[in-house]
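All of these numbers come straight from a predicted model, not from anything done at the bench.
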Amino acid sequence: MCRIVIFGNSCAGKSTLATSLGKDLMIPVYHLDLWFRDKNMQRIKQLRRRRRKFRRQLDKVVEQKEWIIEGWGYFETYDIRFEKANVIIFLDLSPEECKKRLMNRENYRKKDGTVDKRTLNNHLHKIDKFHQTNRLLILELFQKYEGTYEKTLFPIVKKFNYDQLMTALKNIVS
């Protein structure tokens, strides 16, 4: 049984890591941002109803035998993700590093080569907000579960060796 949750700021590498781990460990991957952007979810105009549906979906997934869940938002679900996971990975990169990675993405370029400043500024604000708010919540949960026998915590603060992480995970999974 392997239940992995991956936290980290925007542009920290959560989706990339989750996808790679899912492929190599042959475990289903759930990208929470994709759930909220789903067309069926977008049809629900009331945010409260949308959040309830989101929570029902998450409740179903965390009861499965194996999964990888990645996403930094939805802090109201941090507790359940921490509680149900047996491996918790926190990509704790600096806001500066995340912003640098953001700038390397092409998502904010218009067809004429200019930058969509409004969207870019919103994303930069989210990176700062995560570091000031969500990061603290995650660190508190790390403290809560530190030393817990059934939880393996991986706080990663810089570029890491994927092969070493895979070796450690395979030892946990088997």
Side-chain angles (χ1 to χ4, degrees), residues 1-38 41 47 50-95 97-98 101-102 123 126-174:
M1 180 173 83
C2 188
R3 295 174 168 175
I4 301 171
V5 66
I6 303 173
F7 290 101
N9 206 335
S10 186
C11 299
K14 298 177 304 299
S15 296
T16 302
L17 178 59
T19 302
S20 296
L21 290 176
K23 179 181 167 203
D24 292 342
L25 296 171
M26 293 181 284
I27 297 174
V29 176
Y30 300 93
H31 303 278
L32 297 186
D33 285 347
L34 296 181
W35 287 7
F36 233 74
R37 290 186 205 136
D38 180 71
M41 190 70 89
L47 186 59
R50 193 182 310 175
R51 284 187 174 153
R52 278 197 307 262
K53 180 176 180 174
F54 177 88
R55 180 58 190 255
R56 283 192 305 270
Q57 285 178 298
L58 182 62
D59 287 342
K60 286 179 187 176
V61 168
V62 297
E63 293 306 322
Q64 294 174 14
K65 185 178 176 182
E66 294 187 317
W67 43 258
I68 299 171
I69 297 174
E70 69 86 11
W72 73 265
Y74 326 106
F75 63 87
E76 62 275 0
T77 68
Y78 282 9
D79 277 339
I80 191 166
R81 289 188 262 164
F82 261 84
E83 180 185 319
K84 297 292 186 174
N86 62 342
V87 175
I88 301 157
I89 301 172
F90 180 28
L91 302 176
D92 192 16
L93 278 62
S94 71
E97 177 65 23
C98 293
R101 290 175 175 205
L102 172 66
H123 208 138
K126 283 182 183 180
I127 289 172
D128 288 332
K129 182 181 177 203
F130 172 89
H131 196 73
Q132 295 162 0
T133 307
N134 298 61
R135 179 180 182 271
L136 300 176
L137 296 171
I138 293 167
L139 291 174
E140 284 176 18
L141 287 166
F142 255 75
Q143 283 184 330
K144 177 180 176 181
Y145 287 102
E146 192 172 28
T148 306
Y149 174 73
E150 65 275 358
K151 305 269 185 232
T152 303
L153 307 174
F154 288 99
I156 299 172
V157 294
K158 60 181 180 179
K159 189 168 176 67
F160 61 94
N161 184 311
Y162 181 78
D163 292 333
Q164 287 176 338
L165 180 62
M166 276 303 298
T167 300
L169 289 174
K170 285 180 180 177
N171 288 334
I172 293 166
V173 173
S174 56

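- Between Leu91 and Lys14 there is a side-chain heavy-atom pair separated by less than 4.5 Å.
- Checked against salt bridge (charged side-chain N to carboxylate O under 4.0 Å, His left out), Glu63 has the following partners two or more places apart in sequence or in another chain: Lys84.
- Note that CD of Gln132 is 10.0 Å distant from CG of Asn134, once rounded to the nearest 0.5 Å.
- Within the 3.5 Å criterion, the main-chain N or O of Glu83 finds a donor-acceptor partner in the side chain of Lys151.
- Test Phe82, Phe90, Phe154, Phe130 against Phe7 for ring pair (Phe, Tyr, Trp, His ring centres under 6.0 Å) and you get one pass: Phe82.
- Taking all atoms of both residues into account, the shortest heavy-atom contact from Val61 to Trp67 is O-CD1, 3.1 Å.
- None of Ile4, Ile138, Val5 except one satisfies the side-chain contact (heavy atoms from CB on, under 4.5 Å) rule with Ile88; the exception is Val5.
- Met166 has its side chain within reach of Leu21: a pair of non-hydrogen atoms, C-beta onward, lies under 4.5 Å apart.
- Taking the side chain as every heavy atom from C-beta outward, Glu70 and Leu17 never approach each other to under 4.5 Å.
- For the residue pair Tyr78/Glu140, the side-chain donor-acceptor check at 3.5 Å is not satisfied.
- Atoms CZ and CG, from Arg81 and Leu32 in turn, are 5.0 Å apart once rounded to the nearest 0.5 Å.
- Between Glu66 atom CD and Asn86 atom CG the span is 9.0 Å, to the nearest 0.5 Å.
- Inter-residue side-chain proximity for Glu97 and Asn9 is flagged as unmet; no heavy-atom pair is nearer than 4.5 Å.
- Residues Leu141 and Asp79 have side chains in contact (heavy-atom distance under 4.5 Å, counting atoms from C-beta outward).
- Summarising the geometry, atom CD belonging to Gln164 is positioned 12.0 Å from atom CG belonging to Leu169; distances are rounded to the nearest 0.5 Å.
- At least one donor-acceptor pair under 3.5 Å links the side chain of Arg3 to the backbone N or O of Gln64.
- Every residue two or more places apart in sequence or in another chain that forms a side-chain hydrogen bond (donor to acceptor under 3.5 Å, both in side chains) with Tyr162 is listed here: Asp24.
- To the nearest 0.5 Å, atoms CZ (Arg135) and OG (Ser94) are separated by 10.0 Å.
- The closest side-chain heavy-atom distance from Leu102 to Cys11 is below 4.5 Å.
- Looking at heavy atoms from C-beta onward, Ser10 lies out of side-chain contact with Lys126 at the 4.5 angstrom threshold.
- From His31, atom NE2 reaches atom CD1 of Ile69 across 11.5 Å, with rounding to the nearest 0.5 Å.
- Listed for the Arg101 side chain is a donor-acceptor partner under 3.5 Å among the backbone atoms of Ala12.
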